[in-house]
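For reference, the structure is listed below as structure tokens.
Quick caveat: nothing in here was measured; it's all calculated off a predicted structure. Order of the sequence lines sets the chain letters (A, B, ...), proteins ahead of strands, with each chain counted from 1.
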Amino acid sequence: MLDQKLIRENPTIVEKNLSLRGKVYNISDINELTVKKKEIDIEVSNLQFESKKLSKLIGQEINNSQNKTSQKLNDLKKRGNEYRIKISEFEEKQRILDKQIYDKISNLPNFPSIDAPIGKDESNNVQVKTWGDHLKKDNLNSHWEIGESLNLFDSTKSTKISKSRFITLIGNGARLERALINFMLDIHTQNGYLELIPPALVNSESLTGSGQLPKFSNESFKCSNDDLWLSPTAEVPLTAFHKNEIIDSKHLPLKYVAYSPCFRREAGSYGRDTKGLIRLHQFNKVELYWFTDPNKSIEAHQKITSDAESILKKLNLPYRLVDICTGDLGFSSSRTFDLEVWLPSSKCYREISSCSNCLEFQARRSSIRTKIDKKNQFVHTLNGSALAIGRTMAAILENGQQSDGSVKIPDALVPYFGSNFIKTA
RNA sequence: GGAGAGGUGGCUGAGUGGUCGAAAGCGAACGACUCGAAAUCGUUUAAUAGAUAACUAUUCGUGGGUUCGAAUCCCACCCUCUCCGCCA
């Protein structure tokens, strides 16, 4: 959520910052509404002041005189009634304006950071670095081919259970998923993160607080009988965990790691990534989340990203770090580093983690503050996947494939998985 | 799902129509005492918006209503707790 005062007082700055996203944002209508609303606020405030004074006077009058139905009292009450009518008219206008303003502002995305590369779309993202060696071999199999031959998961049967884009993990596949979750949680908790397992269903307010609503209602699954949605990412419940709180500054930064299933409708992605583990309606993810002092989120962003990277390094999976350009930034983010893992079968990098600094955008929407120099300020929030489990499994299968059809498990994962190779039964 | 109780400041908790944004306690901050600390005493301590020098308004679960005036009365909704039923 952007600051209403900023929109009112510096609309051109707001438009300029937003336009870095490569789209034209005209906020003159919002600006007009906020200016109008301020005038009405002042008007109402003045009327309420007069009305309160009068009410006190009436109270005193009643206490002082025995005659509770005197002409004087009736006249005063009549005047009070006039105030009430006038005030309620203005309050009605206030309500309407408030709603209009909120509806519009809550649909505006965050400002991109001045450090983010300027660009229109994906193609302008900047590769910062690469890590690890690419597997160079002929006749490489895709992870779904490997999964099928080793009987690690089944999507055909899963359409019977649910529909397309769902998967059932089987045997060593299920075991590998579980190993990856435990491995990642252990690394992060050893690294100072507090582990949470949040609810998988979240209410509308929580989704609004982290920025998924109102604009992206089409991207999450909704429960029909309740105001509850299937959480698309642990970022939602983690943000809401401290909703409406003032966090003691000595507790900052708060660092959480959460395992959660994630549910996404993937509307508009028909035909893309229809095979394998890349794009599913339900997937598991281990998420990192920081609440920081508003002056310390830039360093925190580096740290959360390197914490996510550390998993890829320990698993010895080749990846690259990408600085997302202004036009490709997510709604709530001001700066995002993506980690993309190398998938040798398709000879490309695929997003496996997204580490974002949302500054105060989510904190304002969720009202999460801290006291600094006796003043309440919004905290900054950061999130990063570390990592998406399904895509990590895909990367392990593809990068670890051996010529005999087996898959080598990364050394660091062996204690969790229980053996060095996945072989045909 | 049925019955009952309740939602007040960082927390506990008083307050049923009139200077109540709200007693008291706890916690916290500062000061005094002390070599230092504890204990004790004193002062301070909700948020938001607007003006910023004081100030003005709003907020006692949420939204409406009654009234000159609502934490207090009325209506609707949400949530929590207890008991019963059901259940992993």
Side-chain angles (χ1 to χ4, degrees), chain A residues 1-10 30-31 33-103 105-106 197 199-209 213 223 225-229 237 240-252 254 261 291 294 360 363-379:
Chain A
M1 190 76 88
L2 300 178
D3 184 8
Q4 204 175 123
K5 192 173 181 175
L6 190 67
I7 290 173
R8 188 175 65 234
E9 293 176 353
N10 287 301
I30 307 180
N31 174 255
L33 290 171
T34 54
V35 169
K36 206 193 295 176
K37 178 167 174 295
K38 193 186 165 192
E39 286 167 10
I40 290 176
D41 285 348
I42 291 169
E43 190 81 28
V44 169
S45 171
N46 288 337
L47 282 169
Q48 280 166 332
F49 177 58
E50 294 300 326
S51 165
K52 268 173 88 165
K53 260 202 315 206
L54 182 65
S55 293
K56 277 177 188 167
L57 189 70
I58 292 172
Q60 284 163 4
E61 193 69 25
I62 290 173
N63 283 337
N64 293 340
S65 72
Q66 301 304 318
N67 185 359
K68 301 213 190 284
T69 53
S70 73
Q71 186 59 38
K72 191 177 172 193
L73 263 181
N74 283 340
D75 287 347
L76 288 176
K77 283 187 185 178
K78 208 172 150 196
R79 261 177 61 200
N81 200 29
E82 284 162 12
Y83 275 125
R84 190 180 62 196
I85 289 165
K86 220 189 250 176
I87 288 169
S88 67
E89 281 169 11
F90 276 107
E91 280 175 340
E92 178 65 19
K93 286 185 197 166
Q94 252 178 340
R95 265 199 293 274
I96 292 167
L97 277 173
D98 256 335
K99 188 169 183 326
Q100 287 176 334
I101 291 168
Y102 181 81
D103 286 349
I105 294 185
S106 59
I197 299 186
L201 300 193
V202 295
N203 61 35
S204 301
E205 194 181 271
S206 296
L207 276 167
T208 306
L213 286 179
C223 302
N225 288 333
D226 300 281
D227 177 32
L228 289 170
W229 305 66
F241 192 58
H242 287 292
K243 184 161 64 184
N244 297 327
E245 286 183 16
I246 297 172
I247 300 168
D248 195 322
S249 59
K250 71 180 174 226
H251 294 142
L252 295 177
L254 290 169
F291 296 86
E360 61 168 48
R364 185 187 294 279
R365 289 171 95 94
S366 303
S367 188
I368 305 168
R369 292 160 293 170
T370 188
K371 226 180 246 303
I372 294 172
D373 297 331
K374 296 188 175 173
K375 266 191 72 186
N376 284 329
Q377 292 191 31
F378 292 108
V379 299

Taking all atoms of both residues into account, what is the closest heavy-atom pair of A:Thr370 and A:Asp248, and its distance?
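Taking A:Thr370 first and A:Asp248 second, the nearest heavy atoms are OG1-C, 3.9 Å.
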Closest approach of A:Pro294 and A:Ile372, non-hydrogen atoms and distance?
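Looking at all heavy atoms of both residues, the shortest contact is CD-CD1, 3.6 Å.
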[X] [atom1] to [N] [atom2], straight-line distance once rounded to whole Å:
X	N	atom1	atom2	value
A:Ile246	B:A28	CD1	P	18 Å
A:Lys250	B:A29	NZ	C1'	10 Å
A:Met1	B:U48	CE	C1'	14 Å
A:Lys56	B:A70	NZ	C1'	14 Å
A:Leu76	B:U67	CG	P	17 Å
A:Ile62	B:U67	CD1	P	15 Å
A:Lys77	B:G69	NZ	P	10 Å
A:Ile85	B:U67	CD1	C1'	12 Å

By side-chain hydrogen bond (donor to acceptor under 3.5 Å, both in side chains) - contacts of [X] (at least two apart):
X	answer
A:Asp226	none
A:Asn203	A:Ser206
A:Asp227	A:Ser204
A:Asn31	none

[X]: what forms a salt bridge (charged side-chain N to carboxylate O under 4.0 Å, His left out) with it, not counting sequence neighbours?
X	answer
A:Lys53	A:Glu50
A:Glu205	A:Lys243
A:Arg364	A:Asp3, A:Glu360

Considering only NZ, NE, NH1 and NH2 on the basic side and carboxylate oxygens on the acidic side, decide whether A:Arg79 and A:Asp75 come within less than 4.0 Å.
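Between A:Asp75 and A:Arg79 there is no salt bridge, as every charged N stays at least 4.0 Å from the carboxylate O atoms.
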Taking for each residue the nucleotide of RNA chain B bearing the nearest heavy atom, is the 5' side occupied by A:Arg369 or by A:Lys78?
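Nearer the 5' end of the strand: A:Arg369.
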By nearest heavy atom, map A:Arg79 and A:Asn376 onto RNA chain B; which one lands nearer the 5' end?
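The residue whose closest nucleotide sits nearer the 5' end is A:Asn376.
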Between A:Ser55 (side chain only) and A:Ser51 (backbone N and O only), is there a donor and an acceptor less than 3.5 Å apart?
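Flag set: sc A:Ser55 to bb A:Ser51 pair under 3.5 Å.
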Test your reading of the model: is there a side-chain donor-acceptor pair from A:Arg365 to the backbone of A:Ser106, 3.5 Å cut-off?
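Checked: pair present.
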Assign a letter to each nucleotide of nucleotides 71-80 of chain B from its 5' end: B, base within under 4.0 Å of a protein heavy atom; S, sugar-phosphate only; -, no contact.
----------
Does A:Lys99 qualify as a cation-pi partner of A:Tyr102, given the criterion of NZ or CZ under 6.0 Å from the six-membered ring centre and within 45 degrees of its axis?
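Judged by the rule (NZ or CZ under 6.0 Å from the ring centre, within 45° of its axis), A:Lys99 is not positioned above A:Tyr102.
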Taking only distance into account, with no hydrogens and no angle test, what donor-acceptor pairs under 3.5 Å do side-chain atoms of residues 82-89 of chain A form with protein atoms, sequence neighbours excluded?
unit_1, atom_1, unit_2, atom_2, d
A:Arg84, NH2, A:Asn81, OD1, 2.8
A:Ser88, OG, A:Arg84, O, 3.3
A:Ser88, OG, A:Ile85, O, 2.9

Let me confirm one number: the CD-CG distance from A:Glu91 to A:Asp41, rounded to the nearest 0.5 Å.
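So the CD of A:Glu91 and the CG of A:Asp41 are separated by 10.5 Å.
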Is the phosphate of B:A47, meaning OP1 or OP2, less than 4.0 Å from a side-chain N or O of A:Lys371?
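Yes.
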Check this one for me: any side-chain N or O of A:Arg84 less than 4.0 Å away from OP1 or OP2 of B:C68?
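Checking B:C68 against A:Arg84, a side-chain N or O does come within under 4.0 Å of OP1 or OP2.
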Using atom [atom1] in both nucleotides, what's the gap between [N] and [M] to the nearest angstrom?
N	M	atom1	value
B:G15	B:G6	P	12 Å
B:U72	B:C26	C1'	26 Å
B:A71	B:G9	C1'	13 Å

Give the dot-bracket line for RNA chain B from 5' end to 3' end: parentheses for intra-strand Watson-Crick or G-U pairs under 3.5 Å, square brackets for crossings, | for inter-strand pairing, dots for unpaired.
((((((((.[[[..)..(.....]]]((((((.......))))))(((((....))))).[[[[[..)....]]]]])))))))....
Dump the pairs, protein N or O against N or O of nucleotides 50-52 of chain B, anything under 3.5 Å, distances to one decimal.
unit_1, atom_1, unit_2, atom_2, d
B:G50, OP1, A:Arg8, NH2, 3.0
B:G50, O3', A:Lys38, NZ, 3.4
B:A51, OP1, A:Lys38, NZ, 3.1

Interface polar pairs with nucleotides 53-63 of chain B, N/O, under 3.5 angstrom:
unit_1, atom_1, unit_2, atom_2, d
B:U56, O2', A:Ser45, OG, 3.0
B:A57, O4', A:Ser45, OG, 3.2
B:A57, O3', A:Gln48, OE1, 3.1
B:A57, O2', A:Gln48, OE1, 2.8
B:U58, OP2, A:Lys52, NZ, 3.0

Just checking A:Asp41: base, sugar-phosphate only, or nothing, at a heavy-atom cut-off of under 4.0 Å?
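The answer is nothing, as A:Asp41 stays clear of every strand by at least 4.0 Å.
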